[in-house]
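Below: one structure, written as structure tokens.
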Amino acid sequence: MTDSTPTSADANPNRRETAETHEIAPSRNFIGRQIDADLAAGKHDAIVTRFPPEPNGYLHIGHAKSIWLNFGLASEYGGACTLRFDDTNPAREDAKFIAAIQQDLRWLGYRWSRLAYASDYFAQLYDLAVQLIKKQRAYVDPQSNAEIRAQRGTLTTLGANSPYRDRPVAENLALFAAMKNGDFVDGEMVLRARIDMASPNLNLRDPILYRILHHHHARSGDQWCIYPLYDFAHGQGDALEGVTHSLCTLEFEDHRALYDWLLDNLTLPARPRQIEFSRLNLNYTVMSKRLLAQLVDHGDVDGWDDPRMPTLCGLRRRGFTPDSIRRFISLVGVTRSHNMIEMGALENCVRQELEPIAPRVMAVINPLKLVLENYPEGDSELLEVPNHPQNTNFGTRKITLSRELYIERDDFMEAPPRKFFRLAPGREVRLRYAFVVQCCSVVKDAHGQVVEVRCRYDPATRHGKQPQGDGRKVKGIIHWVNAEDAAPAEVRLYDRLFSCANPLADKDAEFRKFLNPESLLTRKHAMLEASMSAADSKTRYQFERLGYFFMERARVGAEPKLIFNRIVTLRDSWAATAARPSRQAK
RNA sequence: UGGGGGAUCGUCUAGCGGUAGGACUGCGGACUCUGACUCCGCCAGCGGGGGUUCGAAUCCCUCUCCCCCAGCCA
């Protein structure tokens, strides 16, 4: 094994290792390298980051990337991370999201060093605006929205100066005070930065800093009727909090010039630095609040926490674990390149985490009755079975076997294709943890549908023993539950929300038409092994051969009922084989 | 067309003038009382063209493609 020379990043004493060894450290990317360089240059004693959600919706897995980065970096370097609600627009924000966002953050396992709100700084922001006016770097403009827009120019044509651009300082001061005092109606005046109407960067063409909005604010009440815009609130909030590294997504790249301009022209206690990275995109879903809201509004999903949604509350209800999400984020990495991550990668993360920790049980989702013809009626026996195949610490439990059982409908075929080694007429299969059975006949209903399979079992094949004598081997193993004491349950089979990888690829098409009609299949007549009548709502179970399942929150007002959500299927190489057109078949 | 960004296996991602590596997927195989897990193996990439250099994914020039920006949203 070669001795690896520590990189400058590894050598940084400020960095602490993250507790989870399976997680790639948040500093292992270009942002971490930048922080290392800043620290090495003595720019900061410690780093401060912030996670700045707008309280206007629920957090989704895309936010998890920012959360993981900001909180992870802070903890790794022994710094601090603030949770700051960006509540500068009372017209579209709602206090109910504040609690929900905090809950999601806690669930993901993060604790903020400080809780702040952009609205905490409204007074200071006002003073900073006055400072700008006094330096002749800002002015009050009474023009209409349309006039200002027309003067802004376009991508290829220059903007024109506002006729009010050179208004005297004293006038600006008086007007701005009047704005604050409520002397004007919404939209009558704005405060603009005085930068450069000919800038190729549209954000520098005298951007609006303050607008008039007579709207009750969840925190400041009716104290203010003017509210700062993102560009004026965000960077200044960062500086006021001593943020050293202000991480945001790529679409704010063009705003960095304005971010820096404001820092240059204002007297502030710190000099934060904005660094952009690319958003997380996942295929087979959409990741924008606006689009997700449409799904909720149209009733395509059950709500923001529908288990098919990529929201953190949806993933939580589905049964995903915080660890699996953090690990996933760490795996996809942080860069500036546009990306589209495969949903399979996320699914794989949760499988990997659940495999060693999920207790196994047997459950039949789509039951087909199986009768053991040579098993005495009224008899039964108890089989002791392991709760985890690799880990004996999980212990064992006892399950009942008797003459009538249920097996999975998919595990029986009248006319099996090649390589199908489950049950079929005349064929043998093992009932997991029990005996080898042979199908001797089937019972059909009036429609020709098989409603019962009749089998004979071989008592000598207990404990995994292969049939004696003739050397025949039984490869197929199927799960089953005992009919008499099985626990009826409803099982919800979740699949990908969309049936195409990128529902937004065709800009002219309505993305909702790509919704996967089978993203939720409800199976109301599933049968679980008897032990599951005492199932734990915190435990993720593996239903053997089917996947990982998590208990749905109890139904209100109805009789108690077991409901399970499928988190993810097990990998299924048979599905690939079965789907493949047989080369042999003619 | 102005400005700002981005192009490395199918998908993510390392690389920072010196053997293009990892993860996921896929495909084979071994093992198996889960067609799971685990293990082994394989396939697969530097957007194109020039140049500098003993040597280029990396430096220079050029072309192409993709994304973002014209909210009193964030």
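Note on naming: letters A, B, ... go to the chains in the order of the sequence lines (proteins, then strands), and numbering restarts at 1 for each one. Since the model is a prediction, treat every value here as computed from it, not as a measurement.
- The A:R360 side chain lies nearest to B:U34 when the options are B:U34, B:U25, B:A70.
- Comparing A:L213 and A:Q466, the nucleotide of RNA chain B nearest to each residue sits closer to the 5' end for A:Q466.
- Side-chain proximity of A:F252 to the nucleotides B:G35, B:A74, B:G6 is greatest for B:A74.
- Distance SG/A:C248 to CZ/A:R50: 7.0 Å, rounded to 0.5 Å.
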Query - Full working for salt bridge (Lys or Arg N to Asp or Glu O under 4.0 Å) between A:R360 and A:E529 - result: CA-CA 11 Å; A:R360 314 294 146 111; A:E529 66 170 57; over 6 Å; no

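- With the 3.5 Å cutoff on both pairing distances, Watson-Crick and G-U pairs in RNA chain B assemble into runs of at least 3 at B:2-7 with B:64-69, B:10-13 with B:21-24, B:26-30 with B:38-42, B:47-51 with B:59-63.
- Between A:R219 and A:D120, at least one side-chain N (NZ, or NE/NH1/NH2) sits under 4.0 Å from a carboxylate O, which counts as a salt bridge.
- Taking a 4.0 Å limit (strictly below) on heavy-atom distances, residues 274-285 of chain A does not reach RNA chain B anywhere.
- At a threshold of 4.0 Å, the pair A:E544-A:R432 counts as salt-bridged, since one of the basic side-chain nitrogens sits closer than that to a carboxylate oxygen.
- Salt bridge A:R33/A:D36: absent, no basic N to carboxylate O contact under 4.0 Å.
- Note on A:D86: only backbone sugar-phosphate atoms sit closer than 4.0 angstrom, heavy atoms only; bases stay farther off.
- Scanning residues 568-576 of chain A for heavy-atom distances under 4.0 Å to RNA chain B yields A:L570, A:R571, A:D572, A:S573, A:W574.
- Residue whose closest nucleotide on RNA chain B sits further toward the 5' end, between A:N29 and A:R432: A:N29.
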